[in-house]
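Report on one structure; see the data block that follows.
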2 protein chains.
Amino acid sequence: MPQRGRPRGFDADEALERALEVFWRQGYEGASMSDLTAAMGINKPSLYAAFGSKEELFRKAVARYAEQDMGYARRAFAQPTAYEVVATLLRENVLAVTRPDRPAGCLSIQGGTACSSDNAAVAGFLAGSRLAGEHALADRFTRAVAEGDLPADADPAALARFVMSVTEGQAIHAAAGVAREALRQTAEIALAGFAAVSGARLPARADTPA
Amino acid sequence: MPQRGRPRGFDADEALERALEVFWRQGYEGASMSDLTAAMGINKPSLYAAFGSKEELFRKAVARYAEQDMGYARRAFAQPTAYEVVATLLRENVLAVTRPDRPAGCLSIQGGTACSSDNAAVAGFLAGSRLAGEHALADRFTRAVAEGDLPADADPAALARFVMSVTEGQAIHAAAGVAREALRQTAEIALAGFAAVSGARLPARADTPA
DNA sequence: TCGGATCAGTACCGCTCGGTACACAATTTG
DNA sequence: CAAATTGTGTACCGAGCGGTACTGATCCGA
């Protein structure tokens, strides 16, 4: 479709990226429209024309986040065994929540776990998307049981809940300023614990780094 | 000291309790002064006279929370062995974050992990108090190494970080509505993982419930 | 070159925020 | 009783909130 009217004077993708970082650092309620427009380099009417409302902007930011910052989760799910799925998930999560070029922690939690009653939908939306990820991990574990790299009596949902609890706790630690190397240690403890408790089949060659 | 002037028309302790619950459910920024005064049953000037400011009220609420809702942590630290410390901590944490008579989750996280730049001190204060608890757990593990119920090569700080990550993740799960029984499973997985990885000396009689 | 369409910028909307001035009520002390 | 002291309730403060009306500027197709 050919363009009609005056062309947009800013890159919507880049503006969304800036908004994402503000939401990540300050949370949904803590990010004011002034904070957002200042970071995005546009005025409010442009923001509303391009993104609809503050809440729609937030949801689009979360979608962008899921695509470009949670990609490691999809890579993890594609690993051949449950052990490697968890190893990838835990280790990549440490990197993701401590990237020097991004805010610390995870948007899904920093965005807001508690909100005023007006914005309860935002907290609910974030909680729901985290639980959806957990459900996907449980499904992956169910497949692992079928494929024999988890024992038949393993509880996929409970194991997934354990792994996600660790990653969420790590995200909170990162947001509190805990260093990447410290979180790496924790991830290895959690991984070894997962292996011991789940009875997961281990990979042939040890891949625990020195 | 004898009373002078008009006596206070409300119970400050009970009012603080109501404020605590509002902060717990809605977070520091999500709780407006109107929300607070409505729940406390007093007017704003009374609140300011009795508690100073919104932030001071919050800090007092957190102190009260630490005393009456985190008591299980002190009980846990008093257990005779590292294994029992962790078992108590994880199991009692599940109960604490899913009490039917309280908001779901944990005030220290629901209070706010991310804030507007004006309120950054609040998020920092909460993060600091969580890390202080973790440090206390690490110290308890150091003692356990000395007492021989953790092996000499155990890393107290890393183990403490692991345990706290799990409890924080569980708190987030609870706030998202995950049921107590589900979190109990997760706690048992984490406990068994801790035992396996740390090499903690197990208690003589198995105390894993059916 | 002109009309329709879309975007940008200013200036504003009603509302709520955290916080307070002030008059009045209730109590103790003399 | 009066004076001193402290809490209560109303009514208000300046500031910032999320969101928008409106005026120009800038593009396209005819």
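No hydrogens, no waters, no symmetry mates; every other heavy atom, side chains included, goes into these values. Keep in mind that this is a model prediction, so the values were computed, not measured.
When the P atom of D:dG9 is taken as reference, atom CZ of B:R8 falls 13 Å away, rounded to whole Å. Per the geometry, CG belonging to A:L47 stands 14 Å off C1' belonging to C:dC7, to the nearest Å. Atom CG in B:N43 sits about 14 Å away from atom C1' in C:dC24, given to the nearest Å. The nearest whole Å value for the distance from the CD1 atom in B:I42 to the C1' atom in C:dT20 is 15 Å. The distance from atom CZ of B:F10 to atom P of C:dA26 is 17 Å, rounded to the nearest whole Å. Atom CZ in A:F58 sits roughly 14 Å away from atom P in D:dG19 (whole-Å rounding). Nucleotide D:dG7 holds its C1' atom 14 Å from the CZ atom of B:F51, rounded to whole Å. One interatomic measurement links the two molecules: CE of B:M40 to C1' of D:dT8, which rounds to 15 Å at whole-angstrom precision.
Looking at which nucleotide of DNA chain D each of A:G52 and B:G41 is closest to, the 5′-most match is held by B:G41. Toward the 5' end of DNA chain C, the nearer of the two residues A:A49 and B:E55, judged by each one's closest nucleotide, is A:A49.
Within 6.0 Å of CD on B:Q68 lie more than 12 heavy atoms contributed by other residues, nucleotides or ligands.
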For this session: Please test B:L107 against B:L126 for side chain to side chain contact (heavy atoms under 4.5 Å, CB included), starting from the C-alpha separation and ending with a verdict.
Result: CA-CA 9 Å; B:L107 175 61; B:L126 290 175; 5.7 Å; no
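Taking only side-chain atoms of B:R4, from C-beta outward, the nucleotide of C:dT29, D:dC27, D:dG19 with the closest atom is C:dT29. Checking C:dA26, C:dG19, C:dA21 against every side-chain atom of B:K44, the shortest atom distance belongs to C:dG19. The side chain of A:R6 lies closest to D:dT26, out of D:dT26, D:dG19, C:dT20. The side chain of B:Y48 has C:dG19 as its nearest neighbour among C:dG19, D:dG18, C:dT27. Ranking C:dT10, D:dG9, D:dG18 by closeness to the A:K54 side chain, first place goes to D:dG18.
For the pair A:S46 and C:dA8, the criterion of a side-chain N or O lying under 4.0 Å from OP1 or OP2 is met.
Under the 3.5 Å distance criterion, the side-chain polar atoms of B:R180 are matched with a main-chain donor or acceptor of B:T98. At distances below 3.5 Å, not a single donor-acceptor pair connects side-chain atoms of A:R25 with backbone N or O atoms of B:A114.
Checked against ring pair (Phe, Tyr, Trp, His ring centres under 6.0 Å), B:F125 has no partners two or more places apart in sequence or in another chain.
Within a heavy-atom distance below 4.0 Å of DNA chain D, no residue of residues 22-35 of chain B is found.
We find that A:R64 and A:D69 are not joined by a salt bridge, their nearest charged nitrogen and carboxylate oxygen being 4.0 Å or further apart. Electrostatic pairing of B:R184 and B:E181 counts as a salt bridge here, judged by a charged N lying under 4.0 Å from a carboxylate O.
Counting non-hydrogen atoms under 4.0 angstrom, B:P7 reaches the backbone sugars and phosphates but no base.
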